[in-house]
Each structure stands twice: as C-alpha cells, then as structure tokens.
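Quick one: the structure is below, questions incoming.
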There are 2 protein chains.
Amino acid sequence: MHVVIPLFPRYTTLDAIGPYEVLRFIPDAEITFAAVETDPVPADSGALAITDTTPLDEIETCDIVVVPGGPGSRAENKRLVDWLKMIHPKTRWTTSVCTGALVLGSAGLLNGIDAATHWNPKVVERLKELGARYVPDRVVVNEEHRIVTSAGVSAGIDMALDLAARLTAQMTAEAIQLAIQYDPQPPFDCGSPDKATEDVQQRALELLGSATV
Amino acid sequence: MHVVIPLFPRYTTLDAIGPYEVLRFIPDAEITFAAVETDPVPADSGALAITDTTPLDEIETCDIVVVPGGPGSRAENKRLVDWLKMIHPKTRWTTSVCTGALVLGSAGLLNGIDAATHWNPKVVERLKELGARYVPDRVVVNEEHRIVTSAGVSAGIDMALDLAARLTAQMTAEAIQLAIQYDPQPPFDCGSPDKATEDVQQRALELLGSATV
C-alpha cells in the first residue's frame with residue numbers, strides 16, 4: 001500500500017503529519033513524502049522544512065494520495081495539478097486535508113460532488129468556484145469518485161482513521177487510534193464555526209492571516 | 001515568547017507538530033526546532049526528516065520547551081538531558097508529549113510529582129523508575145514546578161491549547177482551536193486503554209513495535 005503525500009512550498013505541517021502518523025501504522029504501508037518543487041520543502045510558518053522527500057515526477061503510480069493544505073495550496077501549482085490528473089485514475093483513494101481540496105478542485109476532481117475544506121469563507125467560496133458543493137462536514141467520502149476530502153488542519157487525523165478502517169480491518173484502525181492515544185479532550189469547544197462566536201471567528205481569521213507567509 | 005522544540009533522532013513527528021501548529025499562532029511566538037544531534041533530524045518511521053533547525057547548544061534561554069516522544073526518547077540523550085537541567089530554571093513552562101516525559105524524568109524534573117506519558121505499560125514502568133507518579137490523564141499541569149506533561153502522541157494538541165490559554169487570553173486559545181478546526185470526531189472511541197479491549201491494546205503495542213525503527 002503506497003501512500004504519497006505531496007508537499008508544495010508553504011504547506012501547513014499538521015495537515016500532512018496528522019494523516020501520516022495514522023496511515024504509517026497500516027502494516028504494509030509505505031509512505032512517501034513527495035516534493036512538488038524542490039527539497040527541502042518549507043512549511044508555511046517558516047519555522048521548519050521537511051527533507052528526505054522524493055521528487056513528485058518520479059512517482060507514476062500509488063494507492064493513496066493525501067494532499068495537505070496551507071497558503072501554498074492557493075498558488076497555481078500546475079505541476080501538482082497535472083500530476084493529480086495523471087495519478088487519480090490509478091489510485092484507490094485520492095484525498096485532501098483543509099485547503100488541499102482547492103488543489104483537487106483545480107485538477108477537476110471535485111466537479112459536481114460534495115466536498116469539505118477549511119471553514120474560512122474565502123476558501124469555501126473558492127471551492128465552489130472550482131465546481132464542488134461545499135458541505136460543512138469533517139470528512140466527506142465519495143465512494144463513486146474515490147475521493148475523500150476533510151475540513152481544516154486537524155481533520156486529517158479523523159479522515160485517516162476512517163481511511164485506515166476502509167483499507168484494513170476496523171480493529172486495526174482502532175489499534176492505530178490507541179497507538180497514537182487519540183482520545184481528544186480539547187479544553188474548549190469551539191473547533192468549528194457553528195460552535196464559535198463571531199468574535200472568535202474574526203480572531204481566528206486574523207491569526208490565520210498573520211501567521212502564514 | 002520563545003518556544004523551543006528539541007528534536008532528537010527518531011522522534012515521533014506528530015508529538016512535535018501537534019503543539020507547534022497550536023503555539024505558532026500565539027501572536028508574539030517565535031518557534032525554534034532545535035537539533036539535539038545533527039540536522040536534518042530523522043523521524044522514527046524513516047519516511048521524513050525535519051531540517052532548517054538550530055543547534056540545541058546555541059539556545060541558552062527560552063520561555064517554553066516542548067519535548068516530543070518517540071523511540072529516540074528512550075536512548076541516553078545526555079546532551080538533551082544536560083540542556084534541560086540548564087534551561088528549566090529559566091523557562092516559564094517545560095513540557096513533554098508522550099515518551100518525552102522520560103527525557104524530563106532523566107533530567108530529574110519529575111521527581112516526586114504527577115506526570116502523564118504514553119499508556120504503554122513499559123513506558124509507564126520506566127516513568128515510575130525515574131521518580132514520577134504516573135497518572136493516566138491526558139494533560140498534567142504542575143504549576144509549582146512549571147512542568148506540563150501529556151499522554152501519547154496526539155495529546156500534545158490538547159496540551160498546547162491549554163498552554164495557549166495560560167500564556168495569552170482564553171479567547172485567543174479558542175481562536176487558535178478554530179483556526180486549526182480542532183473539532184475532533186474520531187470514527188471510533190478507543191483512544192485510551194480504558195476504552196479499548198485487551199485485543200486492541202495488544203494490537204496497538206504490536207503496531208508500535210513494528211512501525212518504529
């Protein structure tokens with residue numbers, strides 16, 4: 001089971017690392033971080049970069065693709081978009097986290113289907129322009145098109161556990177959840193816009209704007 | 001607010017990236033990934049390495065330390081242990097995720113106090129040998145000693161949100177939770193050993209053993 005996680009400059013690190021940390025425990029999984037441009041690949045914050053990646057254009061087939069989001073997902077990304085068009089017919093599942101859905105959309109993979117993404121209204125608007133029907137769910141599975149999209153940043157962990165159950169047995173996915181001790185207990189309850197005040201929403205958008213390069 | 005995340009060879013990536021993705025949104029935060037040995041620093045799985053780090057011995061003061069776990073945390077780690085002994089008297093909070101608690105313990109920082117770590121019985125036993133009182137909580141805050149420890153891998157996200165609220169205003173921490181859309185909805189409910197069958201626990205320990213290098 002070959003899992004490819006393409007990294008473009010200014011990806012959001014948790015978008016990529018959440019699913020990675022789940023999927024790597026699938027017994028026959030091989031995980032490849034692939035550089036869309038050059039290696040090392042700098043994260044959005046500028047605080048770190050990931051290296052030891054494989055050039056994306058060397059990957060001609062794989063089972064699972066996980067496209068992370070981040071400010072870099074809103075760039076043109078022609079190389080990644082063309083690669084997605086080539087690879088998607090061969091995958092078992094093509095998936096995205098956060099604004100990674102915009103890259104899937106740019107490749108025409110979300111045309112006319114339901115999709116999740118980050119709740120940021122500008123992102124939602126862009127997703128719709130790309131032909132998708134936005135739904136405010138955490139994980140959206142389209143079995144017919146073999147596409148899974150998920151909400152912002154941390155949602156990739158939930159998505160990957162769902163995928164792990166589909167790809168193995170539920171018992172294995174449960175064991176992975178326990179291995180990463182994923183028994184979430186956030187100290188507050190405003191992780192989605194319907195649970196947050198207008199003020200908190202505005203502040204979150206400000207933080208997202210100022211913390212990304 | 002200077003946050004340092006030391007990376008030793010064979011750290012578990014999500015242990016480091018979960019707290020990073022929260023703490024980087026604190027408005028005046030500066031995040032430094034520090035290499036305990038050499039850069040780039042390879043993750044436990046061998047699938048990636050983090051680069052653009054700062055040599056640990058160049059860091060003489062900071063506000064927050066987050067020590068991740070991973071198989072590398074059980075090595076001797078003399079350099080990191082000595083650094084922790086030097087830096088802890090200067091920090092506002094010295095913290096750990098998962099088996100990072102063993103490194104804090106080796107530095108003598110958990111002697112006689114409550115601490116959380118990964119639920120793996122061998123890890124718990126080692127933590128006790130290092131003088132800590134293990135508690136099966138997700139996040140354990142010791143205000144007197146300025147120490148925060150957390151449970152396995154994914155628990156670092158919850159810990160960092162708690163820290164963000166202590167370091168800023170709760171409203172800012174709530175906005176960070178919304179920015180990373182942390183509204184967890186795992187598809188199963190066995191993220192801690194008291195929620196999992198013996199079989200799932202055994203399988204999780206097997207996966208942890210086989211997936212780490």
Side-chain angles (χ1 to χ4, degrees), chain A residues 12-14 17-18 20-21 24-25 27 31-33 40 42 45 47-53 118-119 138 151-155 157-158 161-162 165 170-188 190-193 195-196 199-201 203-204 207-208 210-211, chain B residues 12-14 17-18 20-21 24-25 27 31-33 40 42 45 47-53 118-119 138 151-155 157-158 161-162 165 170-188 190-193 195-196 199-201 203-204 207-208 210-211:
Chain A
T12 295
T13 312
L14 185 55
I17 295 305
Y20 148 77
E21 204 70 78
R24 79 182 183 94
F25 283 108
I31 310 275
T32 300
F33 286 91
S45 68
L48 79 159
I50 287 178
T51 188
D52 285 4
T53 64
H118 195 282
W119 60 272
R138 193 144 178 90
V153 192
S154 60
I157 300 172
D158 293 334
L161 284 170
D162 179 288
Q170 178 169 331
M171 194 270 203
T172 302
E174 290 176 347
I176 295 173
Q177 182 183 15
L178 183 58
I180 64 164
Q181 207 159 354
Y182 185 50
D183 180 28
Q185 294 167 29
F188 329 110
C190 48
S192 71
K195 296 177 175 177
D199 282 355
V200 169
Q201 290 184 42
R203 185 80 180 110
L207 292 175
L208 284 164
S210 62
Chain B
T12 295
T13 313
L14 185 54
I17 296 304
Y20 148 78
E21 203 72 79
R24 78 183 185 94
F25 282 107
I31 310 274
T32 300
F33 286 91
S45 69
L48 79 159
I50 288 177
T51 188
D52 286 5
T53 63
H118 194 283
W119 61 271
R138 194 144 179 89
V153 192
S154 60
I157 301 173
D158 294 334
L161 285 169
D162 178 287
Q170 180 168 331
M171 195 268 205
T172 302
E174 289 176 348
I176 294 173
Q177 183 183 17
L178 184 56
I180 64 165
Q181 205 159 354
Y182 185 50
D183 181 28
Q185 295 166 29
F188 329 109
C190 48
S192 72
K195 297 177 175 177
D199 282 356
V200 169
Q201 291 184 41
R203 185 80 179 111
L207 291 175
L208 284 164
S210 62

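Residue numbers begin at 1 in each chain, while the letters A, B, ... track the order of the sequences.
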Next on the checklist: Out of B/Ile17, B/Ile157, B/Asp52, return the one with the most heavy atom pairs under 4.5 angstrom to chain A.
Outcome noted: B/Ile17
Next on the checklist: I need the minimum non-hydrogen distance between B/Val200 and A/Met171, along with the two atoms involved.
Outcome noted: N-CE, 3.9 Å
Item to check | Nearest-0.5 Å distance that lies between atom CG in B/Leu208 and atom CG in A/Leu178 | outcome: 8.0 Å
Checklist outcome for this item: For A/Gly152 and B/Gln181, the nearest pair of non-hydrogen atoms, with its separation, is N-OE1, 2.8 Å
Checklist entry - Do you know which of A/Pro186, A/Pro187, A/Ser192 has the most heavy-atom pairs with chain B at a distance under 4.5 angstrom? => result A/Pro186
Checklist entry - Who among B/Ala165, B/Ala49, B/Ala196 has the most heavy-atom pairs with chain A under 4.5 Å? => result B/Ala49
Next on the checklist: At a heavy-atom distance under 4.5 Å, which candidate from B/Ala175, B/Ala47, B/Ala155, B/Ala173 has the highest pair count against chain A?
Outcome noted: B/Ala175
Checklist entry - Does B/Arg138 pair with A/Asp183 as a salt bridge, N-O distance under 4.0 Å? => result no
Checklist entry - Measuring from B/Asp162:CG to A/Phe188:CZ, what's the distance to the nearest 0.5 Å? => result 7.0 Å
Checklist outcome for this item: Heavy atoms of B/Ala179 and A/His118 approach each other most closely as O-NE2, 2.8 Å
Checklist entry - Who wins among B/Gln177, B/Glu21, B/Arg203 for the most heavy-atom pairs under 4.5 Å with chain A? => result B/Gln177
Checklist outcome for this item: Nearest heavy-atom approach of A/Leu207 to B/Thr172 is CD1-O, 4.2 Å
Item to check | Heavy-atom pairs under 4.5 Å with chain A, option from B/Pro42, B/Ala151, B/Pro40 with the top count | outcome: B/Ala151
Checklist outcome for this item: Value for CD1 (A/Ile180) from OG1 (B/Thr12), rounded to nearest 0.5 Å, stands at 11.0 Å
Checklist entry - Looking at B/Tyr182 and A/Ser154, what are the two nearest heavy atoms and their distance? => result CA-OG, 3.2 Å
Item to check | Interchain contact, B/Thr53 with chain A, by part (heavy-atom threshold 4.5 Å) | outcome: neither
Checklist entry - Looking at CG of A/Leu48 and OH of B/Tyr20, how far apart are the two atoms once the value is rounded to the nearest 0.5 Å? => result 5.0 Å
